[in-house]
2 protein chains.
Amino acid sequence: MAASPSTPLTVLPSALLPMVSVVETERADAARNRRRLLEAAQELVAEVGANQVTMEAVAAAAQVGKGTVFRRFGDRVGLMVALLDLNERTNQEAFMFGPPPLGPGAPPRERLVAFGEQRMAFAAEHKDVLLAAEACGSRRYEHPARAVLVLHVSALLREAGVEGDVELLTETLLGYLDVALLAHLRETRDLPAERLSAGWADLVRRVLPA
Amino acid sequence: MAASPSTPLTVLPSALLPMVSVVETERADAARNRRRLLEAAQELVAEVGANQVTMEAVAAAAQVGKGTVFRRFGDRVGLMVALLDLNERTNQEAFMFGPPPLGPGAPPRERLVAFGEQRMAFAAEHKDVLLAAEACGSRRYEHPARAVLVLHVSALLREAGVEGDVELLTETLLGYLDVALLAHLRETRDLPAERLSAGWADLVRRVLPA
DNA sequence: GCACGAAATCGGACCGCGGTCCACTTTGGC
DNA sequence: GCCAAAGTGGACCGCGGTCCGATTTCGTGC
């Protein structure tokens with residue numbers, strides 16, 4: 001088991017962070033190295049693709065020791081999660097505070113449909129980083145960004161007055177939006193995006209009360 | 001990318017194999033080594049747990065070179081899949097040819113409910129091997145045993161006369177039965193098995209027409 | 001300002017394991 | 001018995017992850 005990394009800025013779902021003042025102080029050199037590492041990682045990912053990027057290469061590109069990478073981000077997955085953080089934050093703000101139908105203001109069903117569309121687009125665009133940021137096994141479900149999604153979907157379900165086990169229905173809905181599943185359906189099974197969208201709308205219709 | 005392993009006996013879903021006469025001939029020494037490897041692997045898994053078993057240890061225990069293990073099973077996941085094969089076959093026979101409500105004879109909705117129960121029990125019992133037999137990324141959905149499940153569930157959905165996109169509804173239902181998800185819900189989120197069962201029945205109710 | 005010491009941080013040698021490679025051996029049809 | 005094809009095994013590689021002695025940072029006392 002990896003020692004828990006000292007990554008205070010990404011431990012909590014990023015959209016919730018503005019509410020917290022300062023979680024922890026970080027030494028100047030540590031902060032500088034984190035910045036350099038993230039920059040280097042981003043560049044390398046853009047250059048050769050997420051799953052071709054080795055931890056050693058990131059360390060070298062940031063002119064930092066390998067141990068530092070692991071100290072900062074815990075493991076490979078942690079690094080990828082941190083990389084996604086910025087994009088995820090934009091997404092999160094869109095569905096939490098942005099304009100309808102994604103953001104507040106629209107009825108929950110429309111918001112859910114729009115949420116699914118957004119996730120599917122996001123999954124298509126950042127497929128490789130998202131997959132690289134996904135741990136294996138059940139640890140996959142402990143992804144910090146996922147917690148935000150769970151919160152959001154279950155809130156919408158409750159708001160829509162759905163009867164039944166909201167927690168489990170949330171998992172079912174999010175299951176449909178699983179990055180790996182979507183990638184499989186699109187690429188291996190060759191289902192067009194429109195069909196996946198229609199499937200999502202249909203699923204929402206079946207779960208929510210008329 | 002791993003070279004495709006020469007594992008004719010596990011390439012196809014095992015429950016469908018009785019219908020095929022002989023897929024390919026395997027040299028005597030190869031067959032002997034496969035048997036020895038599977039025995040050794042089974043023993044080691046029982047001894048120290050699936051994710052503590054190294055490929056080298058399996059090779060050593062079977063008194064075989066490391067390269068042979070990879071030639072036979074392709075990679076670690078392939079070995080675990082082969083290990084599961086026997087148990088999966090029993091399960092498959094149960095829902096394909098066994099007595100109702102799991103097997104044919106009962107109405108499709110009851111069969112679906114029973115199918116979910118069986119999968120959840122199976123997932124709970126063989127959690128670690130199932131997780132070890134699961135590849136990362138979208139490759140996870142190319143698991144041969146999964147194809148049988150997909151076939152079965154979509155057949156039941158069609159038989160029940162569900163309107164909508166059967167293929168996608170099948171994926172949604174199977175998503176609920178994902179081993180990693182179930183493990184997460186049971187262990188990390190501490191949901192009792194009865195609740196998961198109720199959730200499954202509820203989901204089936206929502207998807208199938210009244 | 002400055003010296004100092006504890007604590008946090010760094011970095012690269014090191015380890016274990018999954019996976020590849022290829023020269024050598026075995027098999028089995030002829 | 002011959003020989004092409006199939007199979008073998010262990011040296012080898014790359015990468016993720018750990019460890020620990022060396023180094024830097026920064027609050028403290030002066």
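First the proteins, then the strands, lettered A, B, ... as listed; each starts at 1.
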> Taking the basic N atoms (NZ, or NE/NH1/NH2) and the acidic carboxylate oxygens, is any pair closer than 4.0 Å for A/Glu134 and B/Arg140?
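Here A/Glu134 pairs with B/Arg140 in a salt bridge, since their nearest N and O are under 4.0 Å apart.
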> Between C/dG12 atom C1' and A/Glu56 atom CD, what is the distance in whole Å?
9 Å
> Does a side-chain N-to-carboxylate-O contact under 4.0 Å join A/Arg139 and A/Asp75?
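Yes, A/Arg139 and A/Asp75 are salt-bridged.
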> Output the rounded distance in Å from CD (B/Gln63) to C1' (D/dG10).
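Atom CD in B/Gln63 sits about 15 Å away from atom C1' in D/dG10.
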> For C/dC10, does either OP1 or OP2 sit under 4.0 Å from a side-chain N or O belonging to A/Arg27?
no
> Take the protein atom NZ of A/Lys66 and the nucleotide atom P of D/dG14, then report the distance between them rounded to whole Å.
12 Å
> Is it true that A/Arg89 and A/Asp85 make a salt bridge, defined as a side-chain N closer than 4.0 Å to a carboxylate O?
yes
> Answer yes or no: does a side-chain N or O of A/Asn33 lie under 4.0 Å from OP1 or OP2 of C/dT9?
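For A/Asn33, the contact criterion (side-chain N or O under 4.0 Å from OP1 or OP2 of C/dT9) is not met.
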> Indicate, with a heavy-atom threshold strictly under 4.0 Å, whether A/Ala59 touches base, sugar-phosphate, or nothing.
nothing
> So that I can tick it off, tell me whether A/Arg32 and A/Glu39 are bridged by a salt bridge, with the cut-off set at under 4.0 angstrom between side-chain N and carboxylate O.
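So A/Glu39 does not pair with A/Arg32 through a salt bridge.
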> For B/Glu142, is the CD atom crowded, meaning more than 12 foreign heavy atoms sit under 6.0 Å from it?
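More than 12 within 6.0 Å, yes.
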> Quick one: A/Phe70 CZ to C/dG11 P, roughly how many Å, whole number?
14 Å
> What is the distance, to the nearest angstrom, from the CZ atom on A/Arg71 to the P atom on D/dT24?
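So the CZ-P distance, A/Arg71 to D/dT24, works out to 16 Å.
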> With DNA chain C as reference, determine whether B/Asp29 or B/Thr54 sits nearer its 5' end, using the nearest nucleotide of each.
B/Thr54
> Under 4.0 Å from OP1 or OP2 of D/dG9: is there any side-chain N or O of B/Thr68 that close?
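Affirmative; the distance criterion is met.
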> For D/dT8, does either OP1 or OP2 sit under 4.0 Å from a side-chain N or O belonging to B/Arg72?
yes
> Can you tell me the distance, in whole Å, between the CD atom of B/Gln52 and the P atom of C/dG18?
11 Å
> C/dC15 P sits how many Å from A/Met55 CE, rounded?
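Result: 21 Å.
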> Could you state the CZ-P distance from A/Arg76 to D/dT18, rounded to the nearest angstrom?
15 Å
